[in-house]
**Student:** 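One structure is given below, represented as structure tokens, and several questions about it will come after.
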Amino acid sequence: MQPNDPQVRWLKEPELGWTGKVYLPLFVEGMRTTLRHLVGPKLTVQSPEERHEIPEPLIYRGVHRLNRDEQGRVKCVACFLCATICPAHCIDIVAAPSPWPDRDKYPESFTIDELRCIYCGMCEEACPVQAIELTTLYDLTGKSREEMIFDKEKLLSVYDQTKDAEPIFQSWPLPAVSAEQENAQKK
Amino acid sequence: MPLERSELAESSAEPGQPQPYVWRMNFGPQHPAMHTTLRLILTLDGERIVDAVPDIGYLHCGFEKLGESLDYNQYVVVTDRMNYVSSAANNVAWHEAVERLLGIEPPRRCQYLRVIAAELARISDHLVCIGAMGLDTGAYTHFMYAFNPRERINDIFEALCGARFTTSYTRVGGLCRDASPKAIQMIREFCRFFPSVLRDLHLLMDRNRIFVDRTKGIGVLSKQEAVNRGCSGPVARASGVTRDLRKDEPYLCYRDFDFQVCCATEGDCFARYRVRLAEMEESLKIIQQAIENLPTGPVNLDPGYRVILPEKGAVYQTIEGLITHFEIIMPNRGFQAPYEEIYAATEAPNGELGFYIVGQGGDAAYRARCRPPSFIHYALMPHLIRGHMISDIVPVLGSLNIIAGELDR
């Protein structure tokens, strides 16, 4: 860009003027600004008595949970997509032949190292059966490292704890089929 | 590292007389005014700085090496942690480079949302910078008034992508999720609310004589020096360099928006402060235009490109969607980058943030080099503070806005 381009806005230095040099009038002005904030709304959230209000609970990325299906079984089919996409390599799955007829595999153990996890939400995106989700629980603490390595039972218990507040999103819209794809299908 | 005797120190001694007492002091790495783990080895003559040597590397995390093992989507979580004050701008910069490497262009709606995220990040970064600059020069209220609106920006990011700070917002050819109506509503409210914040900041500091006396004429960077030393962003623009990548090399959809590039001629700390304040106004204009003209349509590229995961509805209900979904995530079936190298730069809040990527066929880069603005700007420090007092380091550092995560990577 050239210096004389109309898209360049040259900033002028503010004039200090006699009011600035005398200091007192600007002191009054600053004080007025500060006092106006005294009566304004308070922004501090008195945690933990008050909870921070999460604007979109369904997309918030907090502690994981493993979802259950209608019969109370774990939904996961041990496809390892979440473990593959995880940038922090914090998911460890041991698959076993499923005892149920509707799937081939199920996770014998499913462990998430919550200390290693960076809460990026990629496991949730990668899951093809909506088995793993991130909840709104954000204040996760523990007294030992072992406590923070969540196994399958603990992840399922997080589901039991949060299922009422955050139900599994049920109806996904079918993808819009474009005219070209329709023609291709007809052929 | 060895310190050479500076010319300034020698000139003050008469020939044949003993040298003046010059002593060394460590400024940082743990010092409240150094914000993060920055360290300066100062050579002092009394309280006057004769020379300074920046010592970096205290926050080195090996981010560039990680880029060689994480794939193009996974690496976005690392870019969050580079400039952690404006992580969305880093996400946008990284995927801008990746998309140029792959030769794809995201849909219009995605571009607009990325612009909104990047400009919100710019406002957030500038608020930190000028707030912290006020804090370091003794204006605690100014700092609080600058930090409170950041809370709203964090809330917006929370509604956009689910995280307040480490956003990981972008994906190759799209975004992690489309903006919800509530998020758009929040951005609109922010646009209405933010001018009052700017007015407060202007009122408190623009003509505050204490602040002006501490920043005016301190750390002067001439236009010539700014160009020679590779400055970019607000630091260069405050010295009169009329360069903004959003105008000079437009990326995303910046051509669509009407905004101005803010420049000043003085090149001192006060000019950098004013440029950042004015840039927030321009960013606000961009956000307003983008949110009112937000295009409809898909936010992600068509699954036919095989770069981004298909819609969830397709994954759960159609076999083609499920196969595509698996293939994109599987390491040996994912998308193929060409054997090419690319450098793509974006105008990050601190300056030119560029990524140099060498593709090696697979879904991870052979080399993912980052050109961080903080690294170049921190090299300016000795030049800017030489001859000043120790107390002048603080506003100079504040005006450069050095983020150690980005500096050391």
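Within every chain, numbering begins at 1; the chains are lettered A, B, ... in the order of the sequence lines, protein sequences first and strands thereafter.
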**Student:** Check the side chains of B/Asp80 and B/Asn90 for a donor-acceptor pair under 3.5 angstrom, ignoring hydrogens and angles.
**Tutor:**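 Absent: no donor and acceptor within the cut-off.
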
**Student:** For B/Tyr145 and A/His37, I'd like to know if the aromatic rings sit close, meaning centre-to-centre distance below 6.0 Å.
**Tutor:**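 Centroid separation for B/Tyr145 and A/His37: below 6.0 Å.
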
**Student:** Need one label for B/Leu160: side chain, backbone, both or neither, based on atoms under 4.5 Å from any heavy atom in chain A.
**Tutor:**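 For B/Leu160, the contact with chain A is made by the backbone alone.
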
**Student:** At a heavy-atom separation under 4.5 Å, does B/Arg152 approach chain A through its side chain, its backbone, both, or neither?
**Tutor:**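 Contact with chain A involves no heavy atom of B/Arg152 at all.
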
**Student:** What part of B/Ile329 gets closer than 4.5 Å to chain A, counting heavy atoms only: side chain, backbone, both or neither?
**Tutor:**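 For B/Ile329, backbone and side chain are both near chain A.
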
**Student:** Quick check on the interface: out of B/Thr141, B/Ile210, B/Val212, who has the most heavy-atom pairs with chain A under 4.5 Å?
**Tutor:**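 Winner by heavy-atom pair count: B/Ile210.
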
**Student:** Check whether B/Thr167 gets within reach of chain A through its side chain, its backbone, both or neither, counting any heavy atom under 4.5 Å.
**Tutor:**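 Interface part for B/Thr167: backbone (N, CA, C, O).
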
**Student:** Quick one, B/Glu249 with B/Tyr254, criterion side-chain hydrogen bond (donor to acceptor under 3.5 Å, both in side chains). Give me CA distance, side-chain angles, the key distance, then yes/no.
**Tutor:** CA-CA 9 Å; B/Glu249 298 165 17; B/Tyr254 275 107; over 6 Å; no

**Student:** What part of B/Glu279 gets within 4.5 angstrom of chain A, counting heavy atoms only: side chain, backbone, both, or neither?
**Tutor:**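 Neither the backbone nor the side chain of B/Glu279 comes within 4.5 Å of chain A.
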
**Student:** Any donor-acceptor pair under 3.5 Å linking the side-chain atoms of B/Ser87 with those of B/Arg81?
**Tutor:**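 B/Ser87 and B/Arg81 do not have a side-chain donor-acceptor pair below 3.5 Å.
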
**Student:** At a 4.5 Å cut-off on heavy atoms, which part of B/Glu158 comes close to chain A: side chain, backbone, both, or neither?
**Tutor:**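 Both parts, backbone and side chain.
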
**Student:** Do A/Thr135 and A/Glu166 have side-chain atoms, one donor and one acceptor, less than 3.5 Å apart?
**Tutor:**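 No pair is found: no donor N or O on one side chain lies under 3.5 Å from an acceptor on the other.
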
**Student:** Which atoms of A/Ile118 come close to chain B, meaning under 4.5 Å heavy atom to heavy atom: side chain ones, backbone ones, both, or neither?
**Tutor:**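 Backbone plus side chain of A/Ile118, per the 4.5 Å heavy-atom cut-off to chain B.
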
**Student:** Quick one: which of B/Arg171, B/Glu282, B/Met205 has the most heavy-atom pairs under 4.5 Å with chain A, could you say?
**Tutor:**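 Heavy-atom pair counts peak at B/Arg171.
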
**Student:** Among B/Met186, B/Arg274, B/Arg243, which residue has the highest count of heavy-atom pairs closer than 4.5 Å to chain A?
**Tutor:**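 Maximum pair count with chain A is reached by B/Arg274.
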
**Student:** Highest number of heavy-atom pairs under 4.5 Å with chain A: which of B/Asp71, B/Leu309, B/Leu203, B/Thr242?
**Tutor:**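 Of B/Asp71, B/Leu309, B/Leu203, B/Thr242, B/Thr242 has the most heavy-atom pairs under 4.5 Å with chain A.
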
**Student:** Should the heavy atoms of other residues, nucleotides or ligands under 6.0 Å from CZ of A/Phe27 be counted, would the total exceed 12?
**Tutor:**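 No.
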
**Student:** Take atom CG of A/Asp104 as the centre, draw a 6.0 Å sphere, and report whether it contains more than 12 heavy atoms from other residues, nucleotides or ligands.
**Tutor:**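 For A/Asp104, atom CG is not crowded (no more than 12 foreign heavy atoms under 6.0 Å).
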
**Student:** Could you look at B/Phe270 and say if it's the side chain, the backbone, both or neither that has a heavy atom under 4.5 Å from chain A?
**Tutor:**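 The side chain, not the backbone.
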
**Student:** Would you mind telling me which of A/Leu43, A/Thr136, A/Leu81, A/Ile54 has the largest number of heavy-atom pairs within less than 4.5 Å of chain B?
**Tutor:**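 Highest number of pairs under 4.5 Å: A/Leu81.
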
**Student:** Is there a salt bridge (charged side-chain N to carboxylate O under 4.0 Å, His left out) between A/Glu13 and B/Lys216 once you walk through the steps?
**Tutor:** CA-CA 10 Å; A/Glu13 206 158 274; B/Lys216 211 171 187 174; 2.6 Å; yes

**Student:** Hydrogens and angles aside, do A/Glu114 and A/His64 bring a side-chain donor and acceptor to less than 3.5 Å of each other?
**Tutor:**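 There is such a pair between these side chains.
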
**Student:** Report yes or no: is the cationic atom of A/Arg9 (NZ for Lys, CZ for Arg) under 6.0 Å from the centre of the six-membered ring of B/Phe259, at an angle within 45° of the ring normal?
**Tutor:**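 No - A/Arg9 does not lie over the ring of B/Phe259 by the 6.0 Å and 45° rule.
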
**Student:** Using heavy-atom distances under 4.5 Å, tell me whether B/Val76 contacts chain A through its side chain, its backbone, both, or neither.
**Tutor:**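 It is the side chain, since no backbone atom gets that close.
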
**Student:** With respect to chain B, which residue among A/His52, A/Glu53, A/Glu29 yields the maximal number of heavy-atom pairs within a distance under 4.5 Å?
**Tutor:**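 Result: the option with the highest number of such pairs is A/His52.
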
**Student:** At a heavy-atom separation under 4.5 Å, does A/Arg32 approach chain B through its side chain, its backbone, both, or neither?
**Tutor:**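 No part of it gets close to chain B.
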
**Student:** What part of A/Pro57 lies closer than 4.5 angstrom to a heavy atom of chain B: side chain, backbone, both or neither?
**Tutor:**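 When you check distances to chain B, no heavy atom of A/Pro57 falls under 4.5 Å.
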
**Student:** For chain A, which candidate among B/Asp206, B/Asp200, B/Val315, B/Leu204 shows the most heavy-atom pairs at distances under 4.5 Å?
**Tutor:**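 Result: the option with the highest number of such pairs is B/Asp200.
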
**Student:** Between A/Cys127 and chain B, with a heavy-atom cut-off of 4.5 Å, which part of the residue counts as in contact: side chain, backbone, both or neither?
**Tutor:**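 Backbone only.
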
**Student:** Going by atom types alone, do A/Thr111 and A/Asp151 pair a side-chain donor with an acceptor below 3.5 Å?
**Tutor:**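 A/Asp151 and A/Thr111 do not have a side-chain donor-acceptor pair below 3.5 Å.
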
**Student:** State whether B/Phe211 and B/Arg214 meet the cation-pi test: NZ (Lys) or CZ (Arg) under 6.0 Å from the six-membered ring centroid, and within 45° of the perpendicular axis.
**Tutor:**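 Checked: cation-pi criterion not met.
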
**Student:** At a 4.5 Å cut-off on heavy atoms, which part of B/Leu322 comes close to chain A: side chain, backbone, both, or neither?
**Tutor:**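 For B/Leu322, the contact with chain A is made by the side chain alone.
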
**Student:** Taking B/Trp94 for its side chain and B/Tyr72 for its backbone only, find out whether a donor-acceptor pair lies under 3.5 Å.
**Tutor:**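 Side chain of B/Trp94 to backbone of B/Tyr72: a pair is present.
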
**Student:** Tell me, out of A/Leu134, A/Asp5, A/Thr34, A/Thr44, who's got the most heavy-atom pairs with chain B below 4.5 Å.
**Tutor:**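 Top option by heavy-atom pairs under 4.5 Å: A/Thr34.
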
**Student:** Among A/Gly30, A/Gly62, A/Pro14, which residue has the highest count of heavy-atom pairs closer than 4.5 Å to chain B?
**Tutor:**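 Counting heavy-atom pairs under 4.5 Å, the top option is A/Pro14.
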
